[in-house]
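Have a look at the structure below before the remarks.
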2 protein chains.
Amino acid sequence: MENFLETISALNDETRVKLLAFLDQHGALCVCDMQSSFGMIQSRLSRHLKILKDGGFLRVDRCGTWAYYSIRSPLDRFRSEALAEIRCLGIELPPLIKLSETGDCKL
Amino acid sequence: MENFLETISALNDETRVKLLAFLDQHGALCVCDMQSSFGMIQSRLSRHLKILKDGGFLRVDRCGTWAYYSIRSPLDRFRSEALAEIRCLGIELPPLIKLSETGDCKL
DNA sequence: TCAATAAATCAATATATCTTGATATTGAAG
DNA sequence: CTTCAATATCAAGATATATTGATTTATTGA
């Protein structure tokens, strides 16, 4: 029951649903990229990413001080069905601003 | 997005997950049956049932002053996958006390 | 029409979750 | 070893959700 509720409550927030959709669209992204794209302050973003990771949706790959988040693969049946549902919502997402590649990341 | 979040937040509560599992197991039940089985006060139960109904999981059939709740059929893909997930949790449920049939319902 | 029962709604409080700003941790570079 | 950038965590206040007891609505039967 605990695990199920952790999975569900990970989905129970508009910000997190948008982050999932964004990562689904763009693949692995580092925190600062999502920060610049969403214009979200860092602690808030970091917290939501942790909840999505603990909920079994995301993996993290660390590369030095950078953390790349991406959708876990494979997802189990229920989580991938949830992701499919999110895809169907046609959520409007911000344009991707990839500071990590331009080298402009000093957030 | 709104509808999705309404569906998700319907699932985001231990009491409601148990109610879903209970109705899945027993079919249509009237409010007083669930009240006696779970030992839950009426306003609390009524509120949770409303949230599950608004979340698209339950239907209500009224019969006089009685309200019979049951799992909506057919459920769409995502909701039935959620229900399947709940079935797999092996939740411990209280025994069914069916006051509505014994005629002892004076709650 | 009136009284009684089942269920829904409301208002107040309790509890949980989200947001923010500040601080801590970690790794890379000098 | 020191500094700096990227990320994570913490503590406080703000917001949302859950619980309770009281009230309301709807329906049945006298």
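Please read all numbers here as calculations on a predicted model, not as lab measurements. First the proteins, then the strands, lettered A, B, ... as listed; each starts at 1.
- When the side chains of ILVMFWY residues are joined at heavy-atom separations under 4.5 Å, either directly or via intervening members, B:L96 and B:M40 end up in a single hydrophobic cluster.
- Neither A:I51 nor A:V31 shares a network with the other; the hydrophobic side chains, linked directly or stepwise wherever heavy atoms of I, L, V, M, F, W or Y lie under 4.5 Å apart, form separate groups for each.
- Near DNA chain D, meaning a heavy atom under 4.0 Å away, the residues from residues 49-61 of chain B are B:I51.
- For the atom pair CZ of A:F78 and CD1 of A:I8, the computed distance is 4.0 Å after rounding to the nearest 0.5 Å.
- Rounded to a whole Å, the CG atom of A:L45 is 14 Å from the P atom of C:dC18.
- Distance check, rounded to the nearest 0.5 Å: OH of A:Y68 to CE of A:M34 gives 10.5 Å.
- Side-chain proximity of B:A67 to D:dT20, C:dA7, D:dA8: nearest is C:dA7.
- Under the 4.0 Å criterion applied to side-chain N and carboxylate O atoms, A:E14 and A:K18 are assigned as salt-bridge partners.
- An OP1 or OP2 oxygen of C:dG27 is reached within less than 4.0 angstrom by no side-chain nitrogen or oxygen of A:T65.
- Side-chain proximity of B:H48 to D:dA8, C:dT5, D:dT19: nearest is D:dT19.
- Of the listed nucleotides (C:dC18, D:dA8, C:dA8), C:dC18 has the atom at the smallest distance from the side chain of A:R47.
- Residue-to-nucleotide proximity on DNA chain D shows that, of A:V31 and B:R44, the 5′-proximal contact is made by A:V31.
- Residues A:L20 and A:I91 fall within the same hydrophobic cluster, defined by Ile, Leu, Val, Met, Phe, Trp and Tyr side chains chained together at heavy-atom separations under 4.5 Å.
- Nearest nucleotide to the side chain of A:S43, out of C:dT20, D:dA8, D:dA18: C:dT20.
- Note: B:E2 CD to B:L5 CG = 8.5 Å, rounded to the nearest 0.5 Å.
- Taking side-chain N and O atoms only, A:Y68 has no distance below 4.0 Å to OP1 or OP2 of D:dT7.
- For the pair B:W66 CH2 and D:dT25 P, the interatomic distance rounds to 23 Å; values are reported in whole Å.
- Of the candidates C:dA8, C:dT19, D:dT27, the closest approach to any side-chain atom of B:Q42 belongs to C:dA8.
- The distance from the CD atom of B:Q35 to the CG atom of B:L49 is 10.0 Å, given to the nearest 0.5 Å.
- Separating the CG atom of B:L19 from the P atom of D:dA18 is a distance of 13 Å, rounded to the nearest angstrom.
- What separates CD of A:E6 from C1' of C:dA16 is a distance of 15 Å, to the nearest Å.
- Residues from residues 9-17 of chain A that place a heavy atom under 4.0 Å from any atom of DNA chain D: there are none.
- The distance between atom NZ of B:K18 and atom P of D:dA18, rounded to the nearest whole Å, is 15 Å.
- Note on A:R62: every side-chain N or O is 4.0 Å or more away from OP1 and OP2 of D:dT7.
- The CZ atom of B:F4 sits 10.5 Å away from the OG atom of B:S9 when rounded to the nearest 0.5 Å.
- You'll find that the side chain of A:I41 is closest to C:dG21, out of C:dC18, C:dG21, D:dT20.
- Taken from CZ in A:R79 to CG in A:L58, the straight-line distance is 10.5 Å, to the nearest 0.5 Å.
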